[in-house]
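Please read these numbers as outputs of a predicted model, since none were measured by experiment.
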Amino acid sequence: ESKARKISEHFVENIHVLASEPSMALYRLQEHNRRSINGVIEGKLIMVNCGEQLSGTVYDCDNDLEALESLKSSAQTFSYIKERLDSIIKCRQNLLMREIRKDSSMEF
């Protein structure tokens, strides 16, 4: 309650000063602007910096998404490569088994 009373008294005082002394009111407005402008500029610089960082992050995410989509589209190629590798492994195993059989039949 006392806080509200102080605020209203200060408001009434400012209105009275503005009504009776325009130059004093303008001086107070100018002082308020001078004191608060640094904080406003600082906040703007922070927002610009955050915006730049956000733009960079969005760009990176878009590139990552494109890379993932290209991997999805190449799944068929990877499947073909896997089949070919499996086939090569089986052929190699068959060759090894033939060599083992050949070596074991020569021993007798």
Apply side chain to side chain contact (heavy atoms under 4.5 Å, CB included) to residues Glu42 and Asn38 and explain how you reach the verdict.
CA-CA 6 Å; Glu42 215 173 282; Asn38 289 336; 5.6 Å; no
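A distance of 11.5 Å separates CD of Glu99 from CG of Asn94, quoted to the nearest 0.5 Å. To the nearest 0.5 Å, the span separating CG on Asp103 from CZ on Arg98 amounts to 14.0 Å. With rounding to the nearest 0.5 angstrom, the CG atom of Leu95 is 7.0 Å from the SG atom of Cys91. Taking CG from Asp62 and OG1 from Thr57, the interatomic distance works out to 11.0 Å, rounded to the nearest 0.5 Å. Here Ile88 contributes atom CD1 and Ile81 contributes atom CD1; the two are 10.5 Å apart, rounded to the nearest 0.5 Å. Considering CG of Leu29 and CG of Asn14, their distance stands at 8.5 Å, rounded to 0.5 Å.
A donor-acceptor pair is defined here as one N or O able to donate and one able to accept, closer than 3.5 Å; no such pair exists between the side chain of Ser87 and the backbone of Glu83. With Ser55 contributing its side chain and Gly51 its backbone, the two residues share a donor-acceptor pair below 3.5 Å.
The pair Lys90-Asp86 does not meet the salt-bridge criterion, since no charged nitrogen lies less than 4.0 angstrom from a carboxylate oxygen.
Contact check for Tyr80 versus Gln76: no side-chain heavy atoms found under the 4.5 Å cut-off. At least one side-chain heavy atom of Gln93 sits less than 4.5 Å from a side-chain heavy atom of Ile89. Contact annotation: the side chain of Leu71 approaches that of Ser74 to within less than 4.5 Å [non-hydrogen atoms, C-beta and beyond]. Counting heavy atoms from C-beta on, the side chains of Lys72 and Leu68 never come closer than 4.5 Å.
Heavy-atom contacts from other residues, nucleotides or ligands closer than 6.0 Å to CD of Glu31 number more than 12.
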